[in-house]
A.B. asks: 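Input: one structure, supplied below.
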4 protein chains.
Amino acid sequence: MNKKDSILQAALKLLTSNGLHATPMSAIAKEAGTGMGTIYNYYPTKEVLINEIYVDIKQQEEALFDHFNSELPTKTQFETYFENTVDFFLQNPLYFKFMEQLHASPIITNDSRTVGRNAVESVVQLIDSGKNDRIIKNINTSEILQFVGGAILSYLRWYLSDNNNQGNSRSLKNLTSMVWDAIKE
Amino acid sequence: MNKKDSILQAALKLLTSNGLHATPMSAIAKEAGTGMGTIYNYYPTKEVLINEIYVDIKQQEEALFDHFNSELPTKTQFETYFENTVDFFLQNPLYFKFMEQLHASPIITNDSRTVGRNAVESVVQLIDSGKNDRIIKNINTSEILQFVGGAILSYLRWYLSDNNNQGNSRSLKNLTSMVWDAIKE
Amino acid sequence: MNKKDSILQAALKLLTSNGLHATPMSAIAKEAGTGMGTIYNYYPTKEVLINEIYVDIKQQEEALFDHFNSELPTKTQFETYFENTVDFFLQNPLYFKFMEQLHASPIITNDSRTVGRNAVESVVQLIDSGKNDRIIKNINTSEILQFVGGAILSYLRWYLSDNNNQGNSRSLKNLTSMVWDAIKE
Amino acid sequence: MNKKDSILQAALKLLTSNGLHATPMSAIAKEAGTGMGTIYNYYPTKEVLINEIYVDIKQQEEALFDHFNSELPTKTQFETYFENTVDFFLQNPLYFKFMEQLHASPIITNDSRTVGRNAVESVVQLIDSGKNDRIIKNINTSEILQFVGGAILSYLRWYLSDNNNQGNSRSLKNLTSMVWDAIKE
DNA sequence: AATGAATGAGACTTCATTCAT
DNA sequence: GATGAATGAAGTCTCATTCAT
């Protein structure tokens with residue numbers, strides 16, 4: 001792994017376990033196995049480093065849609081999106097913890113948030129097209145988007161919570177169908 | 001307003017707009033119109049102050065159920081809970097911003113989180129009773145709880161987001177029914 | 001002595017003996033007998049502290065003219081100015097060392113330099129009036145001012161140089177008359 | 001131009017415009033069009049580099065006297081020295097700015113200062129010989145030297161100051177004669 | 001000889017907390 | 001109880017210097 005990625009990984013690990021306020025750059029450097037100065041060769045400030053992690057995750061999320069097949073039925077596409085996204089965060093629980101902690105933080109810049117919004121553009125189009133075909137309810141698209149996002153979020157919170165170890169693929173299927181029922185016409 | 005509350009309000013205001021990392025105690029004191037030492041007469045550390053705000057909000061949430069009428073139909077009770085909770089945060093948007101930012105932060109202690117969980121005990125009972133009466137789906141209660149919480153969260157995010165001004169009471173009714181449809185048997 | 005002055009004195013002492021690049025704020029705090037944070041209660045940055053010293057010296061120089069008697073002959077006034085200024089720096093050799101090192105430094109702001117120029121306004125008037133009365137040569141006033149300043153500077157450099165201990169009041173008298181001879185009509 | 005000189009020129013330019021405290025070696029390397037390592041092939045430390053510039057300027061100053069004709073009258077020799085030196089710095093204003101800023105800095109080593117003193121050895125001899133012939137006043141030679149140096153310095157400061165554009169060769173002639181009048185018997 | 005990524009000591013500065021008033 | 005000047009540990013960031021290429 002190159003240095004830039006080591007730093008990102010180290011920062012992700014420490015930020016999610018200790019929090020922003022308890023993760024000095026020196027600790028990140030130590031964890032990454034570099035000198036502190038090296039971090040600053042790649043990221044001009046701590047704030048930029050945090051935002052880079054944010055953007056990085058959002059872009060990986062976006063990449064999940066790269067091979068979307070727009071000829072499949074809307075419902076199939078939706079299920080694929082929904083389950084892929086949940087799966088992505090289950091495979092990368094630190095990404096989820098990071099987003100939980102920093103999604104609403106003023107440290108995330110507007111530029112980063114814009115990248116975040118663009119990342120879900122494919123889903124917006126899927127929903128719009130579903131509304132057009134009267135497959136999905138005629139509710140404000142951004143509201144539907146938030147609803148779906150909230151469902152993903154709540155599932156992940158439940159699944160990854162310390163006091164749960166009963167998560168299974170059946171419960172995800174349940175949720176997917178609950179959500180589809182809620183938004184379908 | 002007494003000093004203790006001034007401090008809480010000042011902290012809430014600054015924390016939500018600037019973030020934890022950019023809200024020094026001196027700024028809180030200034031905003032509250034007190035001396036820095038005064039804050040320490042009420043709260044031994046900054047961390048305790050933050051947790052106090054957290055617990056305070058959770059307890060106000062809990063108080064929403066004080067006059068719950070357990071003789072009404074489950075669906076009515078659910079709708080009341082759901083809409084009251086959304087309304088509570090719409091009336092207190094800073095509470096929502098605070099929770100968004102600090103819900104997942106390591107600065108919130110386990111004790112505070114326990115208080116938070118107790119605050120929704122009434123809802124747990126409502127759901128369990130609903131499951132018992134085969135009105136609500138037989139899914140893990142904590143999963144349902146997270147699902148409902150996620151729906152509230154996503155609605156509030158959408159409603160309070162800067163680029164939205166179309167929120168109206170109809171859309172909340174829509175959501176309430178979407179959620180009920182999703183969890184009802 | 002109050003804290004603000006202790007800090008100024010400590011900074012002056014260390015800056016003149018070690019130079020700007022070898023005088024950390026921590027050393028100034030230690031020398032001043034305060035904590036580092038205390039310095040920042042009075043001076044927001046190191047740069048401001050340096051400029052404050054600069055302005056402070058310039059204002060003390062200006063104060064030398066407060067009791068100038070404008071009814072005395074021009075020559076007498078000039079001699080008084082010249083010798084008082086030399087004497088001021090001989091009494092405060094650290095002020096001289098400070099100015100030698102920082103006079104031309106980019107760290108001194110334009111605002112500070114403006115204060116410095118105002119401090120010699122009385123001398124400008126004396127020279128202008130002398131030119132008017134055809135007592136002083138009709139040369140650009142700022143050029144005369146620099147010439148006189150250069151004479152003071154060179155005398156002080158010589159007098160305070162390590163390898164000199166023959167300074168005496170006669171040599172100052174010599175210089176004063178040399179300079180007067182050079183600028184008189 | 002070879003690399004060594006590029007480095008010297010780059011350092012001179014940046015030091016005079018930004019100051020020692022704001023001129024990192026990396027910036028010098030960039031300005032010189034070399035790598036940072038290359039600088040260290042020629043100069044073991046930043047301090048040595050600065051001193052090299054200092055010594056270099058002093059040696060160029062010394063070279064001005066190489067073709068001094070010791071058979072000309074003392075006054076002619078003095079005028080030549082005086083005007084050549086002023087001219088040298090007017091042709092190389094960065095040299096002057098450099099000396100203004102670093103002349104008194106503790107970063108200049110005693111060895112460098114010794115070189116500086118040797119550079120004016122010819123002038124010392126001229127003055128001594130002038131005193132011997134009772135052409136120049138019988139004042140401490142080093143004091144005369146400083147006086148003459150101060151006159152040069154003050155003229156250059158005035159001439160090169162931002163708010164001056166009236167400099168002309170007549171005013172230099174004036175100054176030369178003022179200074180000669182001041183030191184001649 | 002030339003390079004520049006890597007380094008970490010040390011700089012400046014912040015801010016939670018104390019305590020004399 | 002109320003205050004805020006004082007504190008210094010600890011944070012972010014810089015930059016002179018090294019060394020593998």
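Each chain gets a letter, A, B and so on, in the order its sequence line appears, and its residues count up from 1.
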A.B. asks: Expressed as a whole number of angstroms, how long is the span from D:N2:CG to E:dA1:P?
C.D. replies: 14 Å
A.B. asks: Starting from C1' on E:dA11, measure out to NZ on D:K46 and report it in whole angstrom.
C.D. replies: 13 Å
A.B. asks: Please state how far atom CD1 in D:I7 lies from atom C1' in F:dT17, giving the value in whole angstrom units.
C.D. replies: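 Atom CD1 in D:I7 sits about 15 Å away from atom C1' in F:dT17.
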A.B. asks: Side-chain N or O of A:Y42 less than 4.0 angstrom from OP1 or OP2 on E:dA5?
C.D. replies: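 So the side-chain polar atoms of A:Y42 never come under 4.0 Å of the phosphate oxygens OP1 or OP2 of E:dA5.
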A.B. asks: What's the NZ-C1' distance between A:K4 and E:dA6, to the nearest Å?
C.D. replies: 16 Å
A.B. asks: Let me know the distance between CE of A:M36 and P of F:dG11, rounded to the nearest Å.
C.D. replies: 10 Å
A.B. asks: Between D:T38 and E:dT3, is there a side-chain N or O to OP1/OP2 distance below 4.0 Å?
C.D. replies: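 It does, given that an N or O in the side chain of D:T38 lies less than 4.0 Å from OP1 or OP2 of E:dT3.
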A.B. asks: Round to the nearest Å and state the distance from A:L14 atom CG to F:dT12 atom P.
C.D. replies: 12 Å
A.B. asks: Where each residue is assigned the nucleotide of DNA chain E containing its nearest heavy atom, which of B:H21 and D:G37 is assigned the position nearer the 5′ end?
C.D. replies: D:G37
A.B. asks: Would you mind telling me which of F:dT7, E:dC15, F:dA16 lies closest to the side-chain atoms of C:K3?
C.D. replies: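 The answer is F:dT7, which lies nearest to the side chain.
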A.B. asks: Identify the nucleotide, in any strand shown, that forms a Watson-Crick or G-U wobble pair with F:dA20, with both distances under 3.5 Å; if there is none, say none.
C.D. replies: E:dT3
A.B. asks: Could you give me the CA-CA distance, side-chain angles and deciding distance for B:Y95 and B:Q60, then say whether side chain to side chain donor-acceptor pair (under 3.5 Å) is met?
C.D. replies: CA-CA 10 Å; B:Y95 287 180; B:Q60 290 186 50; 2.9 Å; yes
A.B. asks: Quick one: C:I39 CD1 to F:dA5 P, roughly how many Å, whole number?
C.D. replies: 17 Å
A.B. asks: By nearest nucleotide on DNA chain F, pick out whichever of C:N41 and A:Y40 is the more 5' one.
C.D. replies: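 Checking each residue's closest nucleotide, the 5'-ward one belongs to C:N41.
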A.B. asks: Let me spell it out: for each of D:T34 and C:M25, pick the nucleotide of DNA chain E with the closest heavy atom. Which residue's pick is nearer the 5' end?
C.D. replies: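 By nearest-heavy-atom nucleotide position, the 5'-most residue is D:T34.
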A.B. asks: Using a cut-off of strictly less than 4.0 Å, decide whether D:S26 has a side-chain nitrogen or oxygen near OP1 or OP2 of F:dC15.
C.D. replies: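 Checking F:dC15 against D:S26, no side-chain N or O comes under 4.0 Å of OP1 or OP2.
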A.B. asks: Any strand is fair game: report the nucleotide pairing with E:dT13 by Watson-Crick or G-U wobble, both distances under 3.5 Å, or none.
C.D. replies: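 Check on E:dT13: paired to F:dA10, both distances under 3.5 Å.
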A.B. asks: Which pair of heavy atoms, one from B:F89 and one from B:E61, lies closest together, and at what distance?
C.D. replies: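 Distance-wise, the nearest heavy atoms are CZ-OE1, 3.6 Å.
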A.B. asks: If you round to the nearest 0.5 Å, how far is CG of B:L102 from CD1 of B:I57?
C.D. replies: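 Between atom CD1 of B:I57 and atom CG of B:L102 there are 9.0 Å.
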A.B. asks: Over how many whole Å does the gap from B:L20 atom CG to F:dG11 atom C1' extend?
C.D. replies: 14 Å
A.B. asks: Just verifying a value: how many Å separate A:I53 CD1 and A:K58 NZ, rounded to the nearest 0.5 Å?
C.D. replies: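 Rounded to the nearest 0.5 Å, the CD1-NZ separation comes out at 14.0 Å.
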A.B. asks: If every non-hydrogen atom of D:L49 is compared with every non-hydrogen atom of D:I28, which pair is closest and at what distance?
C.D. replies: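 Closest pair (atom of D:L49, atom of D:I28, distance): CD2-CD1, 4.1 Å.
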